[in-house]
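Everything below concerns the one structure shown next.
Labels below follow one simple rule: chain letters A, B, ... track the order of the sequence lines, proteins then strands, and each chain is numbered from 1. Just so we're clear, the structure is a prediction, and the values are computed from it rather than from any experiment.
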Amino acid sequence: MCGELRVEQDGQPVVLMGWVNRRRDHGNLIFLDVRDRSGITQVVLDKEVSGEAHAKAEAARSEYVVAVKGKVQRRGAGLENPNMPTGAIEVVASELLLLNEAKTPPFSPADDAIANEEVRLKYRYLDLRRTEMQYNFALRSRVAMAIRNYLVEQGFLEIETPFMTRSTPEGARDYLVPSRVHAGHFYALPQSPQIFKQILMISGFDKYFQIARCFRDEDLRADRQPEFTQIDLEMSFPQQEKVFRVVEGFLTAAFKTASISLTTPFVQMTYDDAIKNYGIDKPDMRLPAMVSLTAELTPELRETLKIEKELPVLGFVIPKAGTLSGTQKRALVEEIRATFGDCGLDFLDVARLKTNDAFAPLASTIEAKLSSAEPSTGTDADLIIVVTPKIGTPAKWNFDPQWIYKRVGALRLQLAAKFADKHGRFVKTGTEADFKFLWVTDFPMYEWDEETKVWNAAHHPFTSPHEEDIKAGRLTNDKGAVRALAYDIVLNGTELGSGSIRIHRQDVQAEIFRSLGMSDAEAKERFGFFLDALEYGTPPHGGIALGLDRIVMILAGATSLREVIAFPKTAKAIDLMVDAPTPVSDQQMRELHLKTVVRS
RNA sequence: GGGGACGUAGCUCAGUUGGUUAGAGCGCUGCCCUGUCACGGCAGAGGUCGCGGGUUCGAGCCCCGUCGUCCCCGCCA
């Protein structure tokens with residue numbers, strides 16, 4: 001293999017096969033850098049060693065496929081290249097075969113500067129030759145294998161579930177497959193194996209997992225593709241802590257393949273605390289939390305500063321971003337106010353408060369309190385942001401105090417991205433410190449839909465509520481307060497996966513459906529087969545599903561899923577290489593009993 | 001569905017207030033070169049300025065439309 005030769009092989013005969021990465025022609029001496037997925041080795045073609053091989057090397061071009069027969073030779077003094085792993089040796093060729101030619105590629109896989117994504121995706125086979133991509137997919141393979149091995153060792157069985165199934169109660173749009181045999185009927189591709197894995201629990205396979213492809217027909221993002229891979233698992237008789245330990249175990253095994261050792265158990269936080277301290281249900285723990293300044297801003301101070309009395313005042317710090325010029329500061333305040341728009345929030349200028357004797361003590365208190373937020377640098381170069389609600393704003397937001405946390409949390413992330421160069425919290429060090437894992441627990445069971453004025457299931461309708469919330473009757477009289485045994489695992493502000501303890505009792509399930517305003521008949525119509533199954537001895541069970549693509553993406557230091565999916569789709573769900581989707585022939589349409597109608 | 005950025009040579013990009021024949025680096029082609037490794041030297045080829053329309057004496061540049069890529073919001077229970 002091209003990347004494996006070292007001085008220890010000095011003098012050995014070798015045969016190398018690979019692609020011409022670069023050719024350097026010095027007349028009677030030609031260097032070919034030959035590349036395969038293990039790396040690159042310099043091959044020397046000396047006219048005096050073999051005129052024939054040298055002549056062939058003259059005809060060789062970038063990305064030609066070659067076979068080299070020759071001898072490993074330690075490079076002379078001053079000829080080594082310390083920048084490449086094989087730089088201490090070279091291969092002196094006695095024979096060269098041009099196994100295949102290559103057209104001049106639109107971009108060179110050997111180049112550091114990469115082409116735009118459109119070109120990369122169209123010529124994906126060339127893009128994938130790049131060292132970085134080869135690394136990503138080797139990593140992905142290792143991660144998947146480590147997880148598989150770990151789960152099998154823990155007694156899990158990998159069981160496949162169908163791709164062609166029926167529309168299940170997931171929230172996203174389905175990809176549909178028309179049936180030829182049954183006119184007008186469609187299979188749906190699974191958004192997740194949810195129902196099947198629960199049925200496998202009913203079937204007695206008490207520990208199941210699957211590295212499963214899932215499909216969702218929704219708009220894409222950098223971290224969302226229409227087809228993606230989940231590490232899906234389910235266990236019978238678990239507490240949620242048991243699920244956490246399994247996930248921590250396989251993630252530790254996975255990260256070990258990238259030489260990162262993780263400390264377990266991961267930090268846990270309730271949904272309510274996440275919202276209060278980070279303004280979001282997937283906190284990025286690499287950045288300091290928000291701090292409540294509600295108590296510091298007394299009614300009297302609020303009176304003079306024209307701040308709403310009933311609402312929280314929140315502050316946060318962007319480490320090392322505080323050294324701004326006057327112009328920069330004014331621009332920043334402008335930007336923050338523009339972001340808020342007409343939502344009733346305002347920015348409190350702490351630096352200016354300091355200059356006023358009446359407010360100086362308040363400013364000092366705020367500074368002291370904010371600089372103690374974890375994880376912080378505690379330097380006076382930190383940028384301090386304090387957000388206050390203006391008088392009369394609660395009405396704008398239906399008197400729901402949560403919006404202010406979420407709004408400030410969003411600002412925290414926006415400014416952290418803007419000042420990433422200054423605070424340096426996103427810089428990779430190649431250690432565990434780069435990866436801040438977090439369990440978020442006790443998600444709300446219901447979600448109020450302002451548009452349709454109904455309560456929906458926040459997770460899915462098979463999620464078990466907390467026992468005490470059921471007993472207290474909150475399912476009927478206080479839906480907003482019902483907590484679910486649902487949890488997310490978060491890494492660096494990205495949701496890696498979510499799961500729950502499921503409902504295993506038919507009577508509880510029926511009550512949940514009723515609380516969602518679903519009649520017994522409607523429930524039977526939508527989930528009949530599953531409700532039937534529940535009645536035949538269902539064990540308590542629960543599980544989780546984690547996005548494999550996202551894990552590998554973050555581990556590889558990539559910011560788009562496309563860097564770790566071999567043949568991904570564009571933002572409009574197009575595959576530029578194979579050019580899909582396409583229209584199909586009239587005959588195919590006829591066989592499937594389909595007709596296209598163009599709507600204006 | 002909405003907002004933003006971008007689209008000029010094979011690739012990465014520059015292109016002034018609308019003004020002569022649209023440029024650079026890399027790549028490519030040919031010739032030269034025995035120690036390069038982003039090799040070097042000389043010469044050369046390569047353009048529907050995404051596409052369509054408009055304004056103008058004159059459009060890469062201004063206007064309208066459209067297509068594509070990327071990012072974000074909605075959406076993804």
Side-chain angles (χ1 to χ4, degrees), chain A residues 21-35 40-49 54 58 61-63 73 75-84 86-90 92 102-123 126-127 168-174 191-192 194 214-226 228 339 410 413-414 417 443-451 454-463 484 486 488 495 498 500 512 516 547 559-560 562 568-574 576 579:
Chain A
N21 198 57
R22 280 205 172 84
R23 183 180 69 116
R24 290 179 295 282
D25 186 346
H26 289 245
N28 289 331
L29 191 68
I30 296 173
F31 299 98
L32 291 183
D33 289 342
V34 179
R35 182 194 71 234
I40 295 172
T41 292
Q42 171 167 286
V43 174
V44 190
L45 292 112
D46 190 331
K47 209 170 193 170
E48 288 173 12
V49 174
H54 177 271
E58 277 185 326
R61 292 293 181 272
S62 286
E63 301 308 313
Q73 175 178 288
R75 295 202 197 177
L79 299 182
E80 300 97 346
N81 184 347
N83 299 321
M84 50 198 292
T86 60
I89 56 94
E90 60 197 359
V92 181
K103 282 169 70 174
T104 301
F107 60 93
S108 168
D111 266 356
D112 294 333
I114 54 175
N116 71 59
E117 286 228 46
E118 216 171 330
V119 182
R120 289 177 61 199
L121 289 175
K122 179 162 185 196
Y123 299 93
L126 297 177
D127 188 42
T168 51
E170 312 282 334
R173 292 185 192 91
D174 286 319
Q191 297 176 28
S192 91
Q194 184 63 35
C214 303
F215 307 86
R216 292 181 190 174
D217 186 5
E218 293 294 341
D219 287 348
L220 285 76
R221 288 282 189 285
D223 61 354
R224 266 163 38 190
Q225 282 275 315
F228 57 100
T339 311
L413 291 179
Q414 183 193 326
F443 272 74
M445 181 74 191
Y446 300 95
E447 217 168 45
W448 177 251
D449 187 332
E450 190 57 41
E451 238 172 72
V454 293
W455 288 98
N456 288 323
H459 192 53
H460 60 61
F462 309 118
T463 302
D488 276 9
E495 179 197 318
S498 67
S500 63
I512 294 292
L516 288 166
T559 52
S560 164
R562 293 184 300 275
K569 313 257 186 307
T570 69
K572 288 211 173 139
I574 305 274
L576 288 175
D579 185 25

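Searching all strands for a Watson-Crick or G-U wobble partner of B/C11 with both distances below 3.5 Å returns B/G25. In this entry B/C70 has B/G4 as its Watson-Crick or G-U wobble partner, both defining distances falling under 3.5 Å. Searching all strands for a Watson-Crick or G-U wobble partner of B/A59 with both distances below 3.5 Å returns nothing. The partner of B/G46 is absent, by the rule that a Watson-Crick or G-U pair needs both atom distances under 3.5 Å. Nucleotide B/U16 forms no Watson-Crick or G-U wobble pair with any nucleotide shown, as no partner meets the under 3.5 Å limit on both distances. Pairing partner, B/G40: B/C32, with both Watson-Crick or wobble hydrogen-bond distances short of 3.5 Å. In this structure, B/G65 and B/C51 make a Watson-Crick or G-U wobble pair, each of the two defining distances being under 3.5 angstrom.
Residue contacts for A/D25: at a heavy-atom cut-off of 4.0 Å it reaches a base atom on one of the strands shown. Residue A/E90 is classed as a base contact, given a heavy-atom separation below 4.0 Å to a base. Residue A/K572 is classed as a sugar-phosphate contact, given heavy-atom separations below 4.0 Å to backbone atoms only. As judged by a 4.0 angstrom heavy-atom cut-off over every strand, A/N116 is placed among residues touching the sugar-phosphate backbone only. Counting any heavy atom pair closer than 4.0 Å across all strands shown, A/R61 reaches sugar-phosphate atoms only and no base atom. Backbone-only contact: A/R562 has heavy atoms under 4.0 Å from sugar-phosphate atoms and none from a base. Residue A/D46 is in base contact, counting any heavy-atom pair closer than 4.0 Å across all strands shown. Residue contacts for A/E447: at a heavy-atom cut-off of 4.0 Å it reaches the sugar-phosphate backbone alone, with no base atom in range. Residue A/T570 is in sugar-phosphate contact alone, with no base atom involved, counting any heavy-atom pair closer than 4.0 Å across all strands shown. A/R22 comes within contact range of the sugar-phosphate backbone alone, with a heavy-atom separation under 4.0 Å but no base atom that close. The residue A/E80 sits close to a base: some heavy atom pair falls under 4.0 Å.
Heavy-atom nearest nucleotides on RNA chain B were determined for A/Q42 and for A/P106, and the one closer to the 5' end corresponds to A/P106. Along RNA chain B, the nucleotide closest to A/I114 and the one closest to A/E218 are compared, and the more 5′ of them pairs with A/I114.
Here A/H26 does not lie in a stacked arrangement on the base of B/U36, lacking the combination of planes under 30° and ring centres under 5.5 Å apart. Where stacking is scored as ring centres under 5.5 Å apart with planes under 30°, A/F107 does not register as stacked on the base of B/C11.
B/U8 and B/G15: their C1' atoms are spaced 9 Å apart (whole Å). Across B/G35 and B/G41, the matching P atoms stand 15 Å from one another, rounded to whole Å. Separating the C1' atom of B/U12 from that of B/G27 is a span of 11 Å, rounded to the nearest Å. Between B/G54 and B/G47, the two C1' atoms lie 24 Å apart (nearest whole Å). B/C75 sits 28 Å from B/C6 when the P atoms are compared, rounded to a whole Å. When the C1' atom is compared between B/G1 and B/A45, the two are found 48 Å apart, to the nearest whole Å. B/G2 and B/G10 are spaced 34 Å apart, taking the P atom of each and rounding to whole Å. Taking atom C1' in both B/A9 and B/C70, one finds a spacing of 23 Å when rounded to whole Å.
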*Would you please test A/D127 and A/R120 for salt bridge (Lys or Arg N to Asp or Glu O under 4.0 Å) and show each step?*
CA-CA 6 Å; A/D127 188 42; A/R120 289 177 61 199; 2.9 Å; yes
*Walk me through it: do A/H54 and A/I30 pass the test side chain to side chain contact (heavy atoms under 4.5 Å, CB included)?*
CA-CA 7 Å; A/H54 177 271; A/I30 296 173; 3.5 Å; yes
*asked:* Between A/E218 and A/R224, does the salt bridge (Lys or Arg N to Asp or Glu O under 4.0 Å) criterion hold? Intermediate values first, please.
replied: CA-CA 9 Å; A/E218 293 294 341; A/R224 266 163 38 190; over 6 Å; no
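Checked by distance alone, A/R224 brings a side-chain donor or acceptor within 3.5 Å of a matching partner on the base of B/C76. Residue-to-nucleotide contacts include a donor-acceptor pair under 3.5 Å from the side chain of A/D219 to the base of B/G74.
Looking only at distances, a side-chain donor or acceptor of A/R61 sits under 3.5 Å from a matching main-chain atom of A/E58.
Between A/D579 atom CG and B/U69 atom P the separation is 11 Å, expressed in whole Å. Between A/K569 atom NZ and B/U69 atom P there is a gap of 13 Å when expressed in whole angstrom units. The CG atom of A/L32 sits 15 Å away from the P atom of B/C37 (whole-angstrom rounding).
Checked for salt-bridge contact, A/R24 and A/D33 meet the test: a charged N lies under 4.0 Å from a carboxylate O. With salt bridges taken as basic N to acidic carboxylate O contacts below 4.0 Å, one links A/R22 and A/D111.
Between the side chains of A/Q191 and A/D174, at least one donor N or O lies within less than 3.5 Å of an accepting N or O.
Checking the phosphate oxygens (OP1, OP2) of B/C73, a side-chain nitrogen or oxygen of A/R221 falls inside 4.0 Å. Listed pair A/N81 / B/C37 fails the phosphate criterion, with no side-chain N or O lying under 4.0 Å from OP1 or OP2. Put simply, A/R24 has a side-chain N or O that comes within less than 4.0 Å of OP1 or OP2 on B/C39.
Within 6.0 Å of CZ on A/F215 lie more than 12 heavy atoms contributed by other residues, nucleotides or ligands.
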